[in-house]
Student: 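First, the structure itself, so that you have it in front of you.
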Amino acid sequence: MTNKTYSRLAGASYLILIAMGIFAEFFVRSNLIVSGDAMATAEHIIASVQQFRMSIAADLIMLICDVLLAWLLYVLLMHVNKNLALLAAFFRLVHAAVYGLNLLNLFFVLRLLNGDSFLSVYTNEQLNALVLLFLNAHSSGYLIGLVFFGIHCLVLGYLVIKSHYVPSVLGMLLIIAGGGYLTDSFANFLLPSYENYQTLFMMIVFIPAFVAELLFSFWLLIKGIQNSSDQTIPVKS
C-alpha cells in the first residue's frame, strides 16, 4: 500500500475511534451514572441496559481502532525517527491494553444487575453499591490509561513537528493534548479536592485534546502523507 492509503486508513480509524468514544462516554454513560447515588445509577442502567451494552461494544470498536492506529502511525512516521515511532506505538498499545482490561469493570456491572441466583446473598442496596464501585473503578482505570496515552501524544507530536510533511501546528496541538492528559490524570490522583477544579481541568484538557486529535484525523484522511517515492525522508534512529 502507498503512504496515501495508510494515511487514509489512519484518518478513518481515528474518526471512528473518536465517534465511538464520544458515543460511549458522553451519550450513554454520562446520562446513566448519577454521582454518589448508587440506587439511581442502578435504576438508570437497568432501564437502559441495551444502551449500556452498546456503549461497551463501542468501546471495543474503539480499542480495535487504537491497535490499528498504533501500527499505521508507526508505518507513516518511522521515516522520521524509527525508535521514537516505535516508542509512540508501544505507549499507545499499553494504553489500549489498560483500557481493554478496564472494560471488565463494565461487564461486572452487567453481571451484578443481571439477577443471577448466586448474588442473592447480597441485598439490593449492597448490589447497587457494588455497581457504583465498579463504575468508579472504571473511571480510575480510564485515567491510568490516559497517562500512557498522554506520553504517546507527546512523542507523536514531536514526530509530527520533525516530519516536515505534516503541518507543525498539528504536532504542537498534539503535544498540548498530551500534556493536558498527563496533568488531568495526575491531578485526579494527587488532589483530594479535585472535584472543585474538575470543570477547569475539563476546559484545559479535553477541548484542546479533542481539537488536536480531530484536526489530525481529518488531515490524515483528506490530505495525508504522500508516497515515499515523492520525497526523500531519511530514517533516523
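Side chains included, hydrogens not; waters and symmetry mates left out as well; all remaining heavy atoms used.
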Student: Any chance you could lay out the side-chain contact (heavy atoms from CB on, under 4.5 Å) test for Met20 and Asp59, step after step, and finish with the verdict?
Tutor: CA-CA 7 Å; Met20 293 297 101; Asp59 282 329; over 6 Å; no
Student: Within the structure provided, determine whether Leu84 and Leu77 are in side-chain contact (heavy-atom separation under 4.5 Å).
Tutor: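 Leu84 does not reach Leu77 side chain to side chain.
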Student: Could you go through the side-chain hydrogen bond (donor to acceptor under 3.5 Å, both in side chains) check for Asp184 and Tyr194 one step at a time?
Tutor: CA-CA 9 Å; Asp184 183 61; Tyr194 172 83; 2.5 Å; yes
Student: Please step through side-chain contact (heavy atoms from CB on, under 4.5 Å) for the pair Leu154 and Tyr158, ending with a clear verdict.
Tutor: CA-CA 6 Å; Leu154 292 177; Tyr158 175 82; over 6 Å; no
Student: Phe27 vs Phe23 aromatic rings, parallel, tilted or perpendicular, using cut-offs 30° and 60°?
Tutor: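 The rings of Phe27 and Phe23 lie parallel, inter-plane angle below 30°.
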Student: So which heavy atom on Val80 is nearest to which on Leu159, and how close?
Tutor: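 Heavy atoms only, the tightest pair is CG1-O, 3.8 Å.
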Student: Under 3.5 Å, is there a donor-acceptor pair between the side chain of Asn114 and the main chain of Asp116?
Tutor: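 No.
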Student: Distance check, rounded to the nearest 0.5 Å: Glu25 atom CD versus His138 atom NE2?
Tutor: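 Rounded to the nearest 0.5 Å, the CD-NE2 separation comes to 6.5 Å.
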Student: Looking only at atom types and distance, does a side-chain atom of Asn102 sit under 3.5 Å from a main-chain N or O of Val98, one as donor and one as acceptor?
Tutor: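 No, Asn102 side chain to Val98 backbone: no donor-acceptor pair under 3.5 Å.
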Student: Between CD1 of Ile161 and CG of Leu156, what distance do you get to the nearest 0.5 Å?
Tutor: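 Output value for this atom pair is 10.0 Å.
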Student: The test is ring pair (Phe, Tyr, Trp, His ring centres under 6.0 Å); show your working for Tyr99 and Tyr142 and say whether it passes.
Tutor: CA-CA 6 Å; Tyr99 195 69; Tyr142 189 83; 5.3 Å; yes
Student: Using atom types as modelled and distance alone, determine if a side-chain donor or acceptor of Ser168 lies under 3.5 Å from a backbone N or O of His164.
Tutor: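 Not at all, since once roles are kept as given, no pair shorter than 3.5 Å links the two residues.
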Student: Please identify each residue that fulfils side chain to side chain donor-acceptor pair (under 3.5 Å) with Tyr6, with sequence neighbours left out.
Tutor: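 With sequence neighbours excluded, Tyr6 shows a side chain to side chain donor-acceptor pair (under 3.5 Å) to no residue whatsoever.
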Student: Got a donor-acceptor contact below 3.5 angstrom from the Ser120 side chain to the Ser117 backbone?
Tutor: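 Yes, Ser120 side chain to Ser117 backbone: donor-acceptor pair under 3.5 Å.
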Student: Mind listing the closest non-hydrogen atom pair of Pro167 and Val160 along with its distance?
Tutor: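 Between these two residues, the closest heavy atoms are O-CG1, 3.7 Å.
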Student: What orientation do His95 and Phe149 show, parallel under 30°, tilted 30 to 60°, or perpendicular over 60°?
Tutor: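 Geometry flag for Phe149 against His95: tilted rings.
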Student: Which residues pass the salt bridge (charged side-chain N to carboxylate O under 4.0 Å, His left out) test with Asp66, not counting sequence neighbours?
Tutor: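 Per chain and number, Asp66 pairs via salt bridge (charged side-chain N to carboxylate O under 4.0 Å, His left out) with Arg92.
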Student: If you measure from CG on Leu106 to OG on Ser55, what distance do you get to the nearest 0.5 Å?
Tutor: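 Leu106 CG to Ser55 OG: 6.5 Å, rounded to 0.5 Å.
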Student: Hydrophobic clustering (ILVMFWY, side-chain heavy atoms < 4.5 Å, transitive) - are Leu221 and Leu9 grouped together?
Tutor: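 Yes, because Leu9 and Leu221 connect within a single hydrophobic cluster, where side-chain heavy atoms sit under 4.5 Å apart.
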Student: With the 4.5 Å side-chain cut-off for hydrophobic clustering, are Phe218 and Met172 part of the same group?
Tutor: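 Yes; tracing contacts between hydrophobic side chains, which count when under 4.5 Å, links both residues.
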Student: How far apart are the closest heavy atoms of Leu69 and Ala10, and which atoms are they?
Tutor: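 Heavy-atom minimum between the residues: CD2-O, 3.4 Å.
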Student: Examine distances only and state if a side-chain atom of Ser185 and a backbone atom of Leu182 form a donor-acceptor pair shorter than 3.5 Å.
Tutor: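 Answer holds: no.
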Student: So which heavy atom on Ala89 is nearest to which on Tyr74, and how close?
Tutor: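 Looks like CB-CB, 4.3 Å.
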Student: Examine distances only and state if a side-chain atom of Ser163 and a backbone atom of Val166 form a donor-acceptor pair shorter than 3.5 Å.
Tutor: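 At least one qualifying donor-acceptor pair exists.
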Student: Can Ile46 be reached from Val34 by stepping across I, L, V, M, F, W or Y side chains whose heavy atoms are under 4.5 Å apart?
Tutor: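 They do not share one cluster, since no chain of ILVMFWY contacts under 4.5 Å joins Val34 to Ile46.
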Student: Give the minimum heavy-atom separation between Tyr181 and Gly150, together with the two atoms involved.
Tutor: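 Here Tyr181 and Gly150 meet closest at CB-CA, 3.9 Å.
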Student: Spell out, as yes or no, whether a donor-acceptor pair under 3.5 Å connects the side chain of Glu213 to the backbone of Phe210.
Tutor: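 Checked: no pair found.
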Student: Once you round to the nearest 0.5 Å, how far does CD1 of Ile45 lie from CG of Leu132?
Tutor: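 Output value for this atom pair is 8.5 Å.
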Student: Would you check, one step at a time, whether the test side-chain contact (heavy atoms from CB on, under 4.5 Å) holds for Phe134 with Leu104?
Tutor: CA-CA 9 Å; Phe134 282 117; Leu104 283 173; over 6 Å; no
Student: With Leu220 as reference, evaluate Leu15, Leu72, Leu215, Leu73 under the side chain to side chain contact (heavy atoms under 4.5 Å, CB included) test and give the passing residue.
Tutor: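 Going through Leu15, Leu72, Leu215, Leu73 one by one, the side chain to side chain contact (heavy atoms under 4.5 Å, CB included) with Leu220 is satisfied by Leu73 alone.
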Student: List the steps, then state whether side-chain hydrogen bond (donor to acceptor under 3.5 Å, both in side chains) holds for Thr2 with Thr5.
Tutor: CA-CA 5 Å; Thr2 64; Thr5 304; 3.1 Å; yes
Student: Grab the two heavy atoms, one from Ala212 and one from Leu174, that are nearest each other, plus how far apart they are.
Tutor: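 The answer is CB-N, 4.0 Å.
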Student: Give the C-alpha distance, both sets of side-chain angles, the deciding distance and a yes or no for side-chain contact (heavy atoms from CB on, under 4.5 Å) between Thr41 and Leu32.
Tutor: CA-CA 6 Å; Thr41 298; Leu32 298 179; 6.0 Å; no
